Every structure is written in C-alpha cells, then in structure tokens.
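This report refers to the structure that appears directly beneath it.
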Number of protein chains: 2
Amino acid sequence: MGAVETTKMRQRRETAVAAEKVRASLPLGQILAGDCVEAMRTLPDGSVDLVFADPPYNLQLGGDLNRPDGSHVDAVTDHWDQFDSFALYDRFTKDWLTEARRVLKPDGALWVIGSYHNIFRVGAILQDLGFWILNDVVWRKSNPMPNFKGTRFTNAHETLIWASQGEKARYQFNYTAMKTLNDELQMRSDWLLPICGGQERLKHDGHKAHPTQKPESLLYRLLLATTEKGDVVLDPFFGTGTTGAVAKRLGREWIGCEREDFYRDIALERIGKELELDESVLATMQSKKAAPRVAFGALVENGMIPAGSTVFDKKRRWQATVRADGSLVYGKQTGSIHGLGKDLQGAPSCNGWAFWHYEDGGEVKPIDAARQLYLLASED
Amino acid sequence: MGAVETTKMRQRRETAVAAEKVRASLPLGQILAGDCVEAMRTLPDGSVDLVFADPPYNLQLGGDLNRPDGSHVDAVTDHWDQFDSFALYDRFTKDWLTEARRVLKPDGALWVIGSYHNIFRVGAILQDLGFWILNDVVWRKSNPMPNFKGTRFTNAHETLIWASQGEKARYQFNYTAMKTLNDELQMRSDWLLPICGGQERLKHDGHKAHPTQKPESLLYRLLLATTEKGDVVLDPFFGTGTTGAVAKRLGREWIGCEREDFYRDIALERIGKELELDESVLATMQSKKAAPRVAFGALVENGMIPAGSTVFDKKRRWQATVRADGSLVYGKQTGSIHGLGKDLQGAPSCNGWAFWHYEDGGEVKPIDAARQLYLLASED
DNA sequence: ACACAACATGAATCCGGGA
DNA sequence: CTCCCGGATTCATGTTGTG
C-alpha cells in the first residue's frame, strides 16, 4: 500500500515540498531595513500567513507635514493642500497594500490598525484592491488620553480591519480559543484593552522610545485568533517590534520591515529577551470541527449504541431503530442520524449528534455523549 | 446709545433678518417625498444646523442564514440596500453628501452611521469633499445578534462619523451636558446602547415595520451633544422617523426625506404622538454605565496570570496550568476556569473565579482578586 | 396572580473537506 | 470549478404560554 502513490498524492507532496522551499527562503526572525514596499518586494509571492500593519497617519494633522517617507514638506516651496495630502496618502496606502496582498498566501489575512484620520481611506482602498473585510474591530482603550480642551468626545478607541484575500478565500479563525479567552462567550468586535505603558513601554533616555507603541495584549489576542503555531507573520511597519515579540512568545514566525536604524536596534534587543511559551501552554481549546471525526457507525460497531437499539429526540416525539450500518429507521423513513432528524423535523439541517438521545443506565443522554466517551477511550 | 446704529450692528441685524427669512422658508416638521438628493435640492444653501444620515449599508449578503435552532434569520434584503458595485455606491454617496454639504450652514455639522460594509467608503468620500472629521464614534450594542456559525467575531458595533464643514469651521458641542450624562466623566467615543426592540420598535401586522430602525437613545445622545434647542436637523434617510421623534422631544426642529409612502405615513403618526420634554426634565436624564465584566482571558493577555503559570483549588487537590487562550489543563482534561472546575469536582456547576487560586508574592489568593485589581487599574 | 419556562428575534457580507 | 453531505453553531431581551 505504501508503495503506490496516486496522482493526487504526488501533487500534494509536490505542493508541500514547494511550500517548504518558499518558507526556507524567507528571512524569518529578521527586520528588513528600508522602505517597506521595497523590502516586501524581496519576498516571494504567496509566502506569508498574516500581515499586521500599523501604518503612519501623521500626514495631515495640521502644523508640520511629513511625507510617508518621513521627509518634511516645505510649505513654501511645495504647493500643499488637503487634497494633495489625501492623494499622497492614498498612493502610499495603495502601494504597501498591493505589495502586502502579493506576499500573502491565498488563504492568508491582513490586519490594519488606524484612527479616524486614516482608517476610512485605508479601508476603502483595501476593498478596492479586492480584500474582503471579515470584521472591523474596535480597540477600546481603558485609559485613553482625555480631551483636554473639552471640544470633542474623548478619542477613546482605534479601529482595526481584518480582511481576507477575497470573498471566497478561507481564513484562519480560532473560534473556540477566542470563546474560551472570553469566558465562554463569543468574542465580540469591541476589545477593551489598556494602552501601552508601565514596564512594557520601551524607554530611551527617560522618554518613550516610540510615539505609538502598541500594547502586547492587542497583538496577543489578534495572533491567537487568526494564526496557528508556526505561521509566518509579516509586519511592514515594525517599529519597536511588538508584533515580533508576541509572535515569538506564541510560537509564530515573524518578519519585520523598518526604515529607522534606531527602531530596528531596540526591537531586536527586545525580541531577544522574549521567551517562547512552552508548547503545552500554547495548545488552545479545540473546536469540534478540528476534532477527529467519529462516524455514528463506529459506535454501533463498538456496541456502545448497538444495532437494534432505539434512539429518540428529547421530547420523545420520534423513536427510531438503529440498523447495523448506522442508519436509522422510523416507520417507512430511513436515513443517517442527520438526514432523518432533518426530514422528521422538516428543518433545513440537523445535527444528529445533538438531536438523538439514548438511554444509558436509566439516564437519557444525547448520542454525542457516547461519541465523547469513544473519543476519550481511543486517545490512549 | 440705542438710537445710534453702527455699520457692524446694521450688518448683524440684516444677517439675522435674512437668516430668519431662510428659516421661515424651510419645510420644518415635514417629510419630503422622493429621492433625498432631489428633495434636498429644494432646500436653500446654508440653512440647516445638523444633518443626521443613516444611508443604506450595501450589505452584500449571500444566501439564507439559520440559527443553530434552525429558525430563519430575517435579513435586510430590501432593494434599496442593493448596489451593483462599489463604484455605484460611491457615486450615490458622493451625490447625497454633496447636497448635504450645500444645505448645511457653514458652522453646521454632519453625522453618518454605517457598518464596515460601507463606512470606510463614506468616510473617505466625505473627507474628499472637504468635511473635517471631529470624532468617529462607536455604537457598542449591548445585545447584538451573535455570529451563529462561529466564523468571525460577533459584529457587535456600528460606526458613526461626526464631521464639520471644514478644519476651521466652528461647531456645536455641549461638553458639559455630555459630561453630566456620563456621571461627571468626559463622554468617550464608544457608546454602549441597546438595539431598538420591545415597545419602541414599530410593528406592522405583527412584524417589524422597518428592517433597520435605530434606537432613540442613540439619536438622543447625538442631538443633545451637537445641537441647541431650536436648531434645524435634517435626515435624508428618514425611515421610521426616529430622528424626527427625538428632535421633537428635545425641542429641535426637523426635516426628513423619505422615498417610501409607507415609511412616511408611520413616521408622521409616530412623531405626532411624541411630546416635547420640559426643559427641566432634560437636565436630569441619567446615563447608563457599562457593567464591568472581565474575562479570565483578559488577565492572561495582560500578564497578571500569565500563560504557563499554575492555579489550584484552595485545598490544593488539583493544580492546573494556564494556557495561552485562558483555558486550563489538568492532566488530559482541559476547559475554562468554570468548566474544568465543574468537571474535576463532578459538580453541576462551578464559579471558577472563587474555585481557582494563584500565588501573588507568596500569598494565595482566589483569581477573583486579580480580576478586582484589573478592574481597579482600568478604571483610571 | 405569580413564577418560570418556552419561544421569538435583531443592519449578518455566517461551513468545509473530499470527490 | 462544482457538487455532495456530514455536522457545527447563539446572546441579550422581550413576549407569550403554562403550571
């Protein structure tokens, strides 16, 4: 059996080998110097699982104007107005998003964070490029800076956009891990997290080393939600390397891009000190989707729910007989646990594992309980 | 002194007379029939103090959606929400925003509400038109619809943009009223409010009269924050007339635009029943504060009880390891703080916050103590 | 009448692996 | 690419029905 390789098996093997070759060529755990668009151009197509980007948005906040490349705009010699500013920012945004899209795997995903100054432009452009928005997520700051002049609402949040490569693309979402992290309730699109301060905030000569260092808790949640262990995370605006530090801690690989020597230096030093969590800790709650599949027939074979026994719905409206092949009979109707449950209820679908029950020592249990027992027993 | 009128005084008097003439020509308390762009064209330049707009979101829904119990979700499938492309939606947006801008007074302001499907496009276009964003405000829904399939984060918020006519324009912001409404704390940019349901939700033949009726509390806060008594509020997408009802209650004037006869009819009936509040009552309306709820996972993200550390019950019968997603491991068994505590004790339920303990500086504390610390720290 | 259970529903881009 | 089909998936509120 092992000697025969079908065409399909060969294709799969070759794909995996090619993917491993691409991965081996990646500058994992490195910060690429220079402009992020140039730096990303050195990476192969479809090679990265996730992009997290915290792009600059300091272009038109009044007062001094800086171009996206950091050079200062001379208001006297440069004819500069708001329209030029937006056009320039849009161009910059389109450039780096295009390159990020190329570098991402087909089933990869993108996160961008921004404020009302830039996030609407970024969101519209990424939609135009074909990205498919999965959620916008609001980072609610538990300790925002107050509005000192009392002229507006306290700007107490920032916005993140999570997007896949397209409408039909698959993407990673660790639903159960998020639900666990949120005390058994679905994780919502509004996240309450403190801003980065205290020991976590990198200092240089007594001052903050970077003006917009993001909290590790934000990256922690985001990476835990949308990557797997071993995934490659790219951050085109690496700054102090929060993405790299948390990626390392969580056993994800990382690549950064950063223009400024100083930030590259402190980021590398910071990440060097970071320890990867033990593998046993990194395991997260598994969804049922990811659990090994058990056919109902296996429980019949096994004798846990023997052929000839009866199963019934919770209200005992229907009582069906189990046949040797794991199908059910109810009068003239037959079908799988799912199909018959669906037909009897006239429902669009039915999870037979939850619908049908059996008696075990006088106690009524859903047949899913038998499956859980079977799974536990077969783990050894 | 009264007999002499300076040039400045005369100019002011003439401006006031002209403004009064414009105001007298406005269709206050009326719903203009037809397309909102056409309807707004009938209004004079610079005549309105505030525009609130709840445009179609262009949801782009796929097929049907069923809840886990099999029931069908009544989605927004109305023709007015269907656009063939982003380009068409952008055109539509630009058209109505342009007309709204013309009708607004120079010191007037605009509010728009949307979701991630449309809000980025709306925000970018209004910036392009010269509007100056003052805040983006997040409406956090206290009772959003869950994500039934477990495929994304629960979409638990919508986004509002508040913008003036330009960077230098003055605008109305009732700072103290907002601070009072928020228990003497500055009002933040994230608002926790329930969705519209119960008695407030307009019904027709037992079904919701409008698929997207907004809660009055949202309009209440928004109008109280950014208009004065007597101001004129225009709503180009009037629907069931929530804007008109709340405007009337708060002593503001209103104008609506609505294409559908049915909506105009029920809106007028609704607003007819509305009573204007006595001014003394307005000052005493109280706020609703967010209930502080902390998930165990937040303490893990935050590092207070880090992944990899151990927790144990008071008698140290069981010692479990904290994993990255906030789940616990004990031998082969895993679960949330509540679930694992329940399983280990064989109890019907368990309050994990009281059951599990951790060491903090040599002292043994229930993990609830860490939660209290977290709450204290995030209150500042 | 009261307590409690059951049911209904909300701006939602809502499945995925294998043939 | 499509089709097939096993089977995973919900929170807060308000209303109606039942004991």
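Every value quoted in this text rests on a predicted model; they were computed, and no experiment measured them. Sequence lines set the chain letters: A, B, ... in the order given, protein chains first and strands last, and positions in each chain run from 1.
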Discussion item. Under a 3.5 Å cutoff, is there a donor and acceptor pairing between the side chains of A:Q186 and B:T154?
Written reply: yes
Item to complete: Look at the rings of B:F296 and B:W353 and say which category their plane angle falls in: under 30° parallel, 30 to 60° tilted, over 60° perpendicular.
Response: perpendicular
Discussion item. Without decimals, in angstroms, what is the distance between B:L59 CG and C:dA12 P?
Written reply: 7 Å
Worksheet item: Do you see a donor-acceptor pair shorter than 3.5 Å between the side chains of B:S336 and B:H338?
Response: no
Fill in: Inter-nucleotide C1' distance (C:dG10, D:dT10), Å rounded
12 Å
Item to complete: Identify whether the glycosidic angle of C:dT13 places it syn (within 90° of 0) or anti.
Response: syn
Practice prompt. May I ask you to evaluate whether B:K208 reaches the phosphate of C:dG10, defined as a side-chain N or O under 4.0 Å from OP1 or OP2?
Written response: yes
Discussion item. Regarding B:D78, tell me which of base, sugar-phosphate or nothing describes its non-hydrogen contacts under 4.0 Å with the strands shown.
Written reply: nothing
Worksheet item: Please give, in whole Å, the distance from C:dT9 P to B:H210 NE2?
Response: 18 Å
Worksheet entry | Length of the CG-P vector between B:L202 and C:dA11, whole Å | 13 Å
Discussion item. Nearest to the side chain of A:R371, heavy atoms from C-beta on, is which of D:dA8, D:dT9, C:dC7?
Written reply: D:dA8
Discussion item. Between D:dG7 and C:dA11, how far apart are the two C1' atoms, rounded to whole Å?
Written reply: 29 Å
Item to complete: Establish, yes or no, whether the cationic atom of B:R152 lies under 6.0 Å from the six-membered ring centre of A:F173 and within 45° of the ring axis.
Response: no
Worksheet item: Is the B:W111 ring parallel, tilted or perpendicular to the B:W191 ring (thresholds 30°, 60°)?
Response: tilted
Worksheet item: Could you state the OH-P distance from B:Y89 to C:dT13, rounded to the nearest angstrom?
Response: 15 Å
Worksheet item: Does the side chain of B:R270 come under 3.5 Å of the side chain of B:T240 through a donor N or O and an acceptor N or O?
Response: yes
Discussion item. Among B:I125, B:L126, B:D136, which residue satisfies the side-chain contact (heavy atoms from CB on, under 4.5 Å) criterion with B:V112?
Written reply: B:L126
Worksheet item: How is B:N66 classified with respect to the nucleic acid when contacts are heavy atoms under 4.0 Å: base, sugar-phosphate, or nothing?
Response: nothing
Item to complete: Quick one: list whatever passes ring-ring contact (aromatic ring centres under 6.0 Å, His included) with B:Y263, sequence neighbours left out.
Response: B:H210
For nucleotides 14-16 of chain C, print each protein N/O atom paired with a nucleotide N/O atom at under 3.5 Å, atom names and distance only.
| unit_1 | atom_1 | unit_2 | atom_2 | d |
| --- | --- | --- | --- | --- |
| C:dC14 | O4' | B:T151 | OG1 | 3.0 |
| C:dC14 | O2 | B:N147 | OD1 | 3.3 |
| C:dC14 | O2 | B:F148 | N | 3.2 |
| C:dC14 | O2 | B:K149 | N | 2.5 |
| C:dC14 | N3 | B:F148 | N | 3.1 |
| C:dC14 | N4 | B:P146 | O | 3.3 |

Worksheet item: Which part of the nucleic acid does B:P55 contact within heavy-atom distance under 4.0 Å: base, sugar-phosphate only, or nothing?
Response: base
Discussion item. Between the base of C:dA11 and the side chain of B:K141, is there a donor and acceptor pair under 3.5 angstrom?
Written reply: no
Discussion item. Does B:T212 reach a base, just sugar-phosphate, or nothing at all? Heavy atoms under 4.0 Å.
Written reply: base
Worksheet item: Given the rule that a pair is Watson-Crick or G-U wobble with both distances under 3.5 Å, how would you write DNA chain D in dot-bracket, using | for pairs to a different strand?
Response: .|||||....|||||||||
Worksheet item: Taking the side chain of A:Y175 as heavy atoms from C-beta outward, which of C:dA12, D:dT9, D:dG7 is closest to it?
Response: D:dT9
Worksheet entry | Atom pair CD1 (B:I337) and CD (A:E184), whose distance is rounded to the nearest 0.5 Å | 9.0 Å
Worksheet item: Between atom CG in B:L160 and atom P in C:dA11, what is the gap in whole Å?
Response: 14 Å
Fill in: Check: A:S349 side chain, D:dA8 base, donor-acceptor under 3.5 Å
yes
Worksheet item: Rounded to the nearest Å, what distance is computed from the CG atom of residue B:N155 to the C1' atom of nucleotide D:dA12?
Response: 16 Å
Worksheet item: Nearest nucleotide by nearest heavy atom, which residue falls closer to the 5' end of DNA chain D, A:P348 or A:K179?
Response: A:P348
Item to complete: Starting at atom CG of A:D107, determine the distance to atom C1' of C:dG17, rounded to an integer number of angstrom.
Response: 13 Å
Polar atom pairs (N or O), protein with nucleotides 13-19 of chain D, under 3.5 Å:
| unit_1 | atom_1 | unit_2 | atom_2 | d |
| --- | --- | --- | --- | --- |
| D:dT15 | OP1 | B:Q199 | NE2 | 2.7 |

Worksheet entry | Gap in Å between the two C1' atoms, one belonging to C:dA12 and one to D:dT9, rounded | 14 Å
Practice prompt. Check the distance between D:dC11's C1' and B:R67's CZ and give it to me in whole angstrom.
Written response: 11 Å
Discussion item. Under 4.0 Å, heavy atoms only, any strand: does A:K315 hit a base, just the sugar-phosphate, or nothing?
Written reply: sugar-phosphate
Worksheet item: Are side-chain N/O atoms of B:Y116 and A:N135 paired as donor and acceptor at under 3.5 Å?
Response: no
Discussion item. Taking side-chain hydrogen bond (donor to acceptor under 3.5 Å, both in side chains) as the definition, give me every residue that meets it alongside A:Y171, ordered by chain and number, with sequence neighbours left out.
Written reply: none
Practice prompt. Measure from NZ or CZ of A:R316 to the centre of the six-membered ring of A:F312, then state whether that distance is under 6.0 Å and the direction lies within 45° of the axis.
Written response: yes
Worksheet item: Closer to the 5' end of DNA chain C via nearest nucleotide, is it A:I133 or B:S71?
Response: B:S71
Fill in: Below 4.0 Å: OP1/OP2 of D:dG6 and any side-chain N or O of A:H338
no
Item to complete: Output the single nucleotide from C:dG10, D:dT10, C:dC7 whose closest atom is nearest the side chain of B:R201.
Response: C:dG10
Discussion item. Is the terminal nitrogen or CZ of A:R101 (NZ for Lys, CZ for Arg) located under 6.0 angstrom from the six-membered ring centre of A:F131 and within 45° of that ring's axis?
Written reply: yes
Practice prompt. Would you please name every residue forming a side-chain hydrogen bond (donor to acceptor under 3.5 Å, both in side chains) with B:D190, sequence neighbours left out?
Written response: A:R140, B:R188
